[in-house]
Peer 1: 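Following this message is one structure expressed as structure tokens.
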Amino acid sequence: MKRTLIKDLNQHIGEQVTIQGWLHTLRDQKNMQFLIMRDRTGLVQVAHYKKGDLDLAETISGLGTESALRLTGKVIENEIVKLGGLEIQLEDLLIENAAEIPLPFEPFGEYLPEQDFRLDWRFLDLRRQINQLIFEVQTTAVQAMREFWLQKGFIEIHSPKIMGTPSESGAELFSLPYFDTTAYLAQSPQFYKQMAMAAGFERVFEFGPVFRADPSFTSRHMTEFTGVDMEISWIDSHEDVMATMERWLAYTTQSVIEKHDEAIAATLGHHLEVPAVPFPRITMAEAHQLLNEIGYKLPFEKKFDLDPGAERALGAHFKETQGHDYVYVTDWPFEARPFYHMLHPNAPGLTRSFDLLGKGLEIATGAQREHRYEVLKAQALEKGLSLEVIQGYLNYFRYGTPPHGGFGFGLSRFMMVLLDLPNIREAVYIFRGPTRLTP
RNA sequence: GGGGGCGUGGUGUAGUGGUUCAACAUGCGGCCCUGUCAAGGCCGAGAUCGCGGGUUCAAAUCCCGUCGCUCCCGCCA
């Protein structure tokens, strides 16, 4: 018999249906048994009159909650049932996979075990409604991001994650044996998306894994995460990148609201808002001045940079003064940026770059890239890089590469910001950290 | 790489030197209950208090070490 989803049961009053799902709660009484069943669409009560089938009653009594069941019965309206005013009168039950007793923890209990323990049993943790919602929302968000770009003629690329030389960035590399040599896991698709600019693709994006061997033990770092990268050609400055990005994020948020507003309100207790475009912008120099005014003390060694506390302070300030969750911090000093960021022509030492803060959290970095071969080489040397090692990359800029720029964006960090999740381990399907390689 | 915090039955917590210090909740097992509904009632099993060492007449409780987890800084998405 065809499966009926629990949310559709009210269209089948009086009919015999089959539902498939998990035993959410069992109330086993003297004469009656009540099974609360859950599938991905909701909960329903199933009633069984014990004397109607004593063998079945005994089977049910032995069931552990969270067992995977398929059951058949007649849907009846019953106003005394508090769960939706209907119930299924049980006729047949098939145990697809019994849950052992006891469970490692109760996914639907009053309190939850600490996060580390839940990660050990992530599949049980993921049965919780909020977790299903997080990944439904992420699916919609990623779909919208891709849609936005496809509407504008972007090409999607998939660059290799195994590399012979480090890709860039100060981040530590994972190395691995590779036949008779050593290979590295990509820290970023940076060089490859710029290669696409040299290739004349003009506009590209990529969703892909990124690996960072930094031993970071914080609520917002992972050793492997999904990077969302884009790169566009023929830009005038980093402003073009920011302008594209903010509309892209507004479109994405709009899509999430259209599809999940009700569920988000029901589960998280608040509504999302589409961020107003354009987002606030502040230069690094202005940011330092502002921080000074609002009394945030930045350590001396951070005179070219921000620290996480400063980012939170800026986020809070723009929320308070402009009601905005996002802010671009632009024009970072070259000291704080990689060699390939383009310098301002009339402000030496400053780059055409930006970070995007969402609720005070760094979720993206972008810039116009330096596409002039000689200038790029000089900047690499200034950063102390060996030209030999990056010559393959430098070659992209010898045979007609347009001006271009783009950004790298952390998908899970965005999910944290979007849904107010306190820890990136809640925002990612399966967490990878310095001491977490399983599941 | 640096710093802080935590580590008690399956799970979440209480207890901060002795005399119920091993408790409470939940889960688990049993019994009871005219259809319950986040069910309820009664009974029961379950932790030598992460591990090792030390202080003390006495340690879950203090000290040292170690391991694990966690958060912050550094680094970044």
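Below, chains carry the letters A, B, ... as their sequence lines are ordered, and counting in each starts from 1.
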Peer 1: Rounded to the nearest 0.5 Å, how far apart are CE of A:Met145 and OH of A:Tyr251?
Peer 2: 12.0 Å

Peer 1: Can you tell me the Watson-Crick or wobble partner of B:G1, both distances under 3.5 angstrom?
Peer 2: B:C73

Peer 1: Using whole Å, report how far CZ of A:Phe117 lies from C1' of B:G27.
Peer 2: 12 Å

Peer 1: Whole-Å distance between B:U70 P and A:Ile424 CD1?
Peer 2: 14 Å

Peer 1: Looking at A:His324 and A:Ala276, would you say the former's side chain and the latter's main chain have a donor-acceptor pair under 3.5 Å?
Peer 2: yes

Peer 1: State yes or no: are the ring centers of A:Trp248 and A:Phe409 separated by less than 6.0 Å?
Peer 2: yes

Peer 1: Under 4.0 Å, counting only non-hydrogen atoms across every strand here, what does A:Asn423 touch: a base, just sugar-phosphate, or nothing?
Peer 2: sugar-phosphate

Peer 1: How close or far is atom P of B:A77 from atom CE of A:Met416, stated in whole angstroms?
Peer 2: 15 Å

Peer 1: Ignoring hydrogens and angles, answer whether the base of B:G35 and the side-chain atoms of A:Glu87 contain a donor-acceptor pair closer than 3.5 Å.
Peer 2: yes

Peer 1: With distance as the sole criterion, do the side chain of A:Ser216 and the base of B:C75 form a donor-acceptor contact below 3.5 Å?
Peer 2: yes

Peer 1: In Watson-Crick or G-U wobble terms, both distances under 3.5 Å, what is the partner of B:A60?
Peer 2: none

Peer 1: Across the strands shown, which category fits A:Val81 at heavy-atom distances under 4.0 angstrom: base, sugar-phosphate, nothing?
Peer 2: base

Peer 1: If the cut-off is 4.0 Å, is A:Thr435 near the phosphate of B:C69, judged by side-chain N/O to OP1 or OP2?
Peer 2: yes

Peer 1: Separation of A:Asp214 atom CG from B:C73 atom P, in whole Å?
Peer 2: 15 Å

Peer 1: Is A:Phe34 stacked on the base of B:G35, meaning ring centres closer than 5.5 Å and planes within 30 degrees of each other?
Peer 2: no

Peer 1: Could you verify whether a donor N or O on one side chain and an acceptor N or O on the other, from A:Ser159 and A:Lys161, lie under 3.5 Å apart?
Peer 2: yes

Peer 1: How are the rings of A:Phe191 and A:Phe339 set to each other: parallel, tilted or perpendicular (split at 30° and 60°)?
Peer 2: perpendicular

Peer 1: With a 4.0 Å cut-off on heavy atoms, is A:Arg118 in touch with a base, just the backbone sugar-phosphate, or nothing at all?
Peer 2: nothing

Peer 1: Ignoring the backbone of A:Gln29, work out which of B:U36, B:C71, B:C33 is nearest its side chain.
Peer 2: B:U36

Peer 1: In whole angstroms, how far is the P atom of B:G40 from the CE atom of A:Met32?
Peer 2: 19 Å

Peer 1: Taking any heavy-atom pair under 4.0 Å as a contact, classify A:Ala47: base, sugar-phosphate, or nothing.
Peer 2: nothing

Peer 1: Which listed nucleotide (B:C73, B:C28, B:G35) is nearest to the side chain of A:Ile101?
Peer 2: B:C28

Peer 1: Can you check the A:Leu112 CG to B:U11 C1' distance for me, whole Å?
Peer 2: 10 Å

Peer 1: Quick one: is A:Thr365 getting a side-chain N or O under 4.0 Å of the B:A77 phosphate, OP1 or OP2?
Peer 2: yes

Peer 1: What's the closest nucleotide to the A:Asp116 side chain, out of B:G74, B:C69, B:C76?
Peer 2: B:C69

Peer 1: Regarding B:U11, can its base be found pairing with the side chain of A:Tyr111 as donor and acceptor, where the two atoms are less than 3.5 Å apart?
Peer 2: yes

Peer 1: Find the partner of B:G68: check Watson-Crick (N1-N3 plus N6-O4 or O6-N4) and G-U wobble (N1-O2, O6-N3) distances, both under 3.5 Å, and reply none if neither fits.
Peer 2: B:C6

Peer 1: Taking any heavy-atom pair under 4.0 Å as a contact, classify A:Asp307: base, sugar-phosphate, or nothing.
Peer 2: sugar-phosphate

Peer 1: What integer distance in Å separates A:Lys50:NZ from B:U36:P?
Peer 2: 15 Å

Peer 1: At less than 3.5 Å, do the side-chain atoms of A:Arg220 and the base atoms of B:C72 form a donor-acceptor pair?
Peer 2: no

Peer 1: Would you please confirm or rule out a distance under 4.0 Å between OP1 or OP2 of B:U70 and any side-chain N or O of A:Ser219?
Peer 2: no

Peer 1: Is the distance from OP1 or OP2 of B:G68 to the nearest side-chain N or O of A:Arg436 less than 4.0 Å?
Peer 2: no

Peer 1: Without decimals, in angstroms, what is the distance between A:Gln33 CD and B:C32 C1'?
Peer 2: 16 Å

Peer 1: Answer yes or no: does a side-chain N or O of A:Arg312 lie under 4.0 Å from OP1 or OP2 of B:C73?
Peer 2: yes

Peer 1: Give a yes/no verdict on base stacking between B:U11 and A:Phe105: centres under 5.5 Å, planes within less than 30° of parallel.
Peer 2: no

Peer 1: Choosing from B:G27, B:A38, B:G12, which nucleotide comes nearest the side chain of A:Pro113?
Peer 2: B:G12

